Number of protein chains: 4
Amino acid sequence: MHGFPDHLLKGHANFMAGRYMREKDRIRDLASEGQTPSTMIIACCDSRAAPEMIFDAGPGELFVLRNVANLVPTYQPDGGQHGTSAGIEFAVKALGIANIVVMGHGRCGGIKAALAPESNPLDAGDFIGKWMSMLGDLPNQLGQNTLMTAAERQTALERISIRNSIHNLRTFPYVAELEAAGKLAVHGAWFDISTGELWVMDNASGDFVRPLI
Amino acid sequence: MHGFPDHLLKGHANFMAGRYMREKDRIRDLASEGQTPSTMIIACCDSRAAPEMIFDAGPGELFVLRNVANLVPTYQPDGGQHGTSAGIEFAVKALGIANIVVMGHGRCGGIKAALAPESNPLDAGDFIGKWMSMLGDLPNQLGQNTLMTAAERQTALERISIRNSIHNLRTFPYVAELEAAGKLAVHGAWFDISTGELWVMDNASGDFVRPLI
Amino acid sequence: MHGFPDHLLKGHANFMAGRYMREKDRIRDLASEGQTPSTMIIACCDSRAAPEMIFDAGPGELFVLRNVANLVPTYQPDGGQHGTSAGIEFAVKALGIANIVVMGHGRCGGIKAALAPESNPLDAGDFIGKWMSMLGDLPNQLGQNTLMTAAERQTALERISIRNSIHNLRTFPYVAELEAAGKLAVHGAWFDISTGELWVMDNASGDFVRPLI
Amino acid sequence: MHGFPDHLLKGHANFMAGRYMREKDRIRDLASEGQTPSTMIIACCDSRAAPEMIFDAGPGELFVLRNVANLVPTYQPDGGQHGTSAGIEFAVKALGIANIVVMGHGRCGGIKAALAPESNPLDAGDFIGKWMSMLGDLPNQLGQNTLMTAAERQTALERISIRNSIHNLRTFPYVAELEAAGKLAVHGAWFDISTGELWVMDNASGDFVRPLI
């Protein structure tokens with residue numbers, strides 16, 4: 001017996017009877033002709049923040065990389081196995097993507113761990129701590145601001161981290177070049193997992209605002 | 001002006017008017033009470049293989065890590081910033097997940113690049129090449145098998161790679177311990193992006209079969 | 001000639017023909033029987049943040065004190081002419097109010113002046129600077145946080161200031177006593193002058209959230 | 001739980017569904033472009049005398065300071081925290097307001113307290129008594145006039161106080177200068193909370209008259 005989780009099998013049967021049946025022509029075309037998504041989303045693994053749900057996106061629309069806390073490292077071609085950098089390279093160079101969106105979200109567990117490392121049950125040699133160390137001194141700087149509540153500091157760092165990831169994204173030479181040439185746009189977004197709202201980063205100021213409808 | 005992609009804004013408006021309105025009580029509960037997904041999916045960034053679509057999953061159900069070609073490295077607590085390992089650690093240690101599924105899919109661009117490095121337009125210092133080198137000599141061994149067609153070799157490597165990732169996953173001490181204790185199950189799956197079928201790995205033999213319904 | 005502004009005379013004529021005509025019984029009763037508002041609002045002078053508009057309140061409902069940046073001083077019975085303290089005293093002791101709401105708002109000019117005193121065109125002997133000095137070192141502490149954008153710092157200080165005013169409000173002995181006796185409730189709120197949203201302070205955490213509907 | 005007063009939440013929902021929906025373009029413009037009200041109103045906290053109601057004014061039209069009995073102190077740049085003076089300074093210097101209206105009203109509780117200190121339930125160290133002491137000997141002088149009824153004395157002091165506030169307003173150097181230069185006009189008004197009538201002060205005589213329509 002395979003022992004595969006039953007809820008996944010049932011979910012897949014729903015997919016086959018529903019979306020697949022309705023969209024099978026398009027899905028099969030995407031298989032035979034290859035994917036040509038115009039947008040890459042760099043998002044968090046959080047189960048409450050799936051990009052396809054948030055953007056009501058169908059097959060073929062979004063190239064989605066998800067890691068803990070949607071972090072982007074700086075460009076470091078040091079021969080290491082950099083999964084996020086590989087995803088960015090694939091999106092830009094192999095797929096010719098037109099937009100990259102770094103999307104954070106509220107109540108992010110990774111950001112929370114970065115802000116309160118002492119309450120983190122993980123030991124010193126852990127991967128989450130090392131991974132979140134990509135934020136450098138940012139959590140520490142913000143953590144000293146006791147005028148803000150814990151939730152306010154968390155939201156603040158979620159947004160600071162998005163700006164930081166966008167800054168790092170621009171250290172990739174081809175990202176910077178294509179952006180300068182007007183062929184690639186880089187965006188920030190923050191999803192409120194409670195209200196469902198999308199807050200979009202203003203590229204000039206770095207502020208997050210809800211697009212007016 | 002934010003210049004945020006219009007298709008994403010429209011998609012988000014659809015989400016708000018649709019799924020969010022229908023499920024807002026559940027979504028808000030998930031926000032206030034925290035996520036408790038029982039399953040982690042390690043999937044590919046491919047726009048045609050979103051786990052939430054394939055498993056018809058709603059908010060809170062799946063903790064999803066997505067990298068190029070759904071690779072899992074071996075346990076290497078060397079102080080480096082290992083994003084996939086951080087995701088696994090978070091899922092197992094912070095969320096107490098019960099299932100981890102490594103899900104590959106057909107016509108995977110990363111696997112294709114690993115099989116045909118000579119046709120890869122990327123230079124030697126690239127991230128994709130280094131990332132796919134996690135497969136070691138596997139592509140090379142398979143590439144010499146000229147009895148299989150190119151498509152057969154690709155499907156074969158997609159599945160070999162899933163087995164390799166599951167092997168690597170078990171090098172994480174807590175994964176091995178919890179699995180031995182019957183508290184965590186590790187699974188493999190392969191999604192056919194054309195037919196929509198899910199092929200599930202038999203844990204004993206390593207074969208991929210379609211579950212009988 | 002009185003030279004009274006024409007727009008006010010026209011507005012008043014509208015009031016007489018509209019609301020007054022519709023509600024004159026109630027308005028006249030309020031005049032003869034006296035006001036018995038249950039709620040005091042301490043708000044800002046800003047023309048975009050009138051409490052009666054925000055809460056769609058009619059005559060007799062809200063006892064409203066408005067000063068620059070909706071500040072509340074600490075209890076200082078030093079014989080000085082403290083206008084805000086006089087308003088609080090009147091509301092609590094003469095009117096027996098049941099709720100006091102300190103309501104801030106976005107893009108507050110007073111808060112902005114407090115955060116950027118160097119760009120303030122006012123001289124050293126000004127009243128606004130002295131008035132905003134009620135915030136003590138708070139703007140300075142926050143102003144050193146350059147990880148946040150100017151707009152983020154402004155929103156943060158608007159909310160920190162509301163918490164500070166509520167703290168000060170509780171230094172009034174009768175406010176503290178009545179609150180302890182469950183006869184008076186103290187609240188914080190923040191109005192978004194662009195989206196029209198009301199963010200309500202959670203009394204336990206100090207966080208501002210939009211009430212779910 | 002926030003425990004925010006329910007009547008305010010309902011009122012705000014009415015605002016969002018009503019005025020906000022109808023005027024959202026204007027409201028959003030006011031948020032992004034800043035307020036430019038032409039008129040400042042110095043009014044009382046009384047729940048029956050909201051300037052926006054009396055003048056049927058919308059967002060952005062009136063910069064409104066409200067204290068007990070709409071008093072204006074003399075110009076005293078002594079380093080104290082003068083809230084009303086800060087509001088005047090902000091209106092004149094930061095907003096470049098064209099009109100300042102001191103608006104009193106009938107049956108004013110503050111004026112009543114000033115006229116009948118013996119019936120005032122507040123003790124000697126109170127803020128209201130100190131605040132109303134801004135009227136100096138005026139209540140006392142009028143109180144000895146027993147030819148007038150209590151209601152007549154009250155209305156008289158309400159109007160005398162407005163003239164006194166206007167006098168004090170002109171001790172602010174910039175108010176006097178701008179008024180002399182024809183760039184700022186100072187007005188008095190008295191609102192009858194029962195009949196809804198507006199009585200406007202004649203600048204030459206100081207008399208209050210109902211404007212002829």
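It should be emphasised that the depicted structure is a prediction, and the values quoted were computed from it without experimental measurement. In what follows, chains are A, B, ... by sequence order, proteins preceding strands, each numbered from 1.
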Participant: Do you know which of B:Gly79, B:Ala91, B:Gly188 has the most heavy-atom pairs under 4.5 Å to chain A?
Facilitator: B:Gly79
Participant: When only pairs under 4.5 Å are counted, which of A:Gly83, A:Ala69, A:Ala189 shares the most heavy-atom pairs with chain B?
Facilitator: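 Greatest number of close heavy-atom pairs with chain B: A:Gly83.
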Participant: So what's closer than 4.5 Å to chain B heavy atoms on A:Asn99: side chain, backbone, both or neither?
Facilitator: side chain
Participant: Relative to chain B, which segment of A:Thr36 carries a heavy atom at a distance below 4.5 Å: side chain, backbone, both, or neither?
Facilitator: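 A:Thr36 has no heavy atom closer than 4.5 Å to chain B.
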Participant: Is there a side chain to side chain contact (heavy atoms under 4.5 Å, CB included) between A:Val200 and B:Leu9? Walk through the geometry before answering.
Facilitator: CA-CA 10 Å; A:Val200 167; B:Leu9 294 179; 4.3 Å; yes
Participant: Can you find a heavy atom in the side chain of A:Leu198 that is under 4.5 Å from one in the side chain of B:Phe4?
Facilitator: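 Yes, side chains in contact.
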Participant: What part of A:Arg48 gets within 4.5 angstrom of chain B, counting heavy atoms only: side chain, backbone, both, or neither?
Facilitator: both
Participant: Quick one: of B:Asn14, B:Leu65, B:Asp192, who has the most non-hydrogen atom pairs under 4.5 Å with chain A?
Facilitator: B:Leu65
Participant: Between A:Gly87, A:Gly109, A:Gly106, which residue shows the highest count of heavy-atom pairs closer than 4.5 Å to chain B?
Facilitator: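 Looking at each of A:Gly87, A:Gly109, A:Gly106 in turn, A:Gly109 comes out on top.
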Participant: Determine the minimum heavy-atom distance between A:Leu8 and B:Val101, stating which atoms define it.
Facilitator: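 Here A:Leu8 and B:Val101 meet closest at CD1-CG2, 3.8 Å.
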Participant: Measuring only between side-chain heavy atoms, which start at C-beta, is B:His12 closer than 4.5 Å to A:Pro211?
Facilitator: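 Heavy-atom side-chain distance check fails, nothing below 4.5 Å.
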Participant: Sort out for me which of A:Ala57, A:Cys45, A:Gly11 touches chain B most, counting heavy-atom pairs under 4.5 Å.
Facilitator: A:Cys45
Participant: Could you tell me which residues satisfy salt bridge (charged side-chain N to carboxylate O under 4.0 Å, His left out) with B:Lys183, sequence neighbours excluded, listed by chain and number?
Facilitator: none
Participant: Could you tell me which of A:Ser38, A:Pro37, A:Gly60 has the largest number of non-hydrogen atom pairs under 4.5 Å with chain B?
Facilitator: A:Gly60
Participant: Between A:Phe63 and chain B, with a heavy-atom cut-off of 4.5 Å, which part of the residue counts as in contact: side chain, backbone, both or neither?
Facilitator: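 For A:Phe63, the contact with chain B is made by backbone and side chain together.
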Participant: Of the backbone (N, CA, C, O) and the side chain (C-beta and beyond), which part of A:Tyr174 lies under 4.5 Å from a heavy atom of chain B, both, or neither?
Facilitator: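 Contact with chain B is through the side chain of A:Tyr174 alone.
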Participant: For a side-chain contact (heavy atoms from CB on, under 4.5 Å) with A:Ile128, tell me which candidate from B:His82, B:Lys93, B:Glu89 qualifies.
Facilitator: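 Answer to the side-chain contact (heavy atoms from CB on, under 4.5 Å) test with A:Ile128 among B:His82, B:Lys93, B:Glu89: B:Glu89.
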Participant: Chain B heavy atoms under 4.5 Å from A:Ser85: which part of the residue, side chain, backbone, both or neither?
Facilitator: both
Participant: What part of A:Ile88 is in contact with chain B, defined as an atom under 4.5 angstrom from a non-hydrogen atom: side chain, backbone, both or neither?
Facilitator: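 Neither part; nothing is under 4.5 Å.
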Participant: Side chain, backbone, both or neither: which part of A:Met16 has a non-hydrogen atom closer than 4.5 Å to chain B?
Facilitator: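 For A:Met16, the side chain is the part near chain B, not the backbone.
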Participant: Any idea which of B:Gln76, B:Glu197, B:Gln35 has the most non-hydrogen atom pairs under 4.5 angstrom with chain A?
Facilitator: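 The option with the most such pairs is B:Gln35.
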Participant: Apply salt bridge (charged side-chain N to carboxylate O under 4.0 Å, His left out) to B:Arg66 and A:Glu52, showing your working.
Facilitator: CA-CA 13 Å; B:Arg66 293 174 73 177; A:Glu52 288 83 2; 2.8 Å; yes
Participant: Select, from A:Ala49, A:Gly196, A:Pro59, the one with the greatest count of heavy-atom pairs under 4.5 Å involving chain B.
Facilitator: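 Max contact count across the listed options: A:Gly196.
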Participant: Heavy-atom cut-off 4.5 Å, strictly under: side chain, backbone, both or neither for A:Ser205 against chain B?
Facilitator: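 Answer is neither: A:Ser205 stays 4.5 Å or more from chain B.
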Participant: Just so I understand: if I count every heavy-atom pair under 4.5 Å between each of A:Leu62, A:Val68, A:Asn67 and chain B, which residue has the most?
Facilitator: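 That would be A:Leu62.
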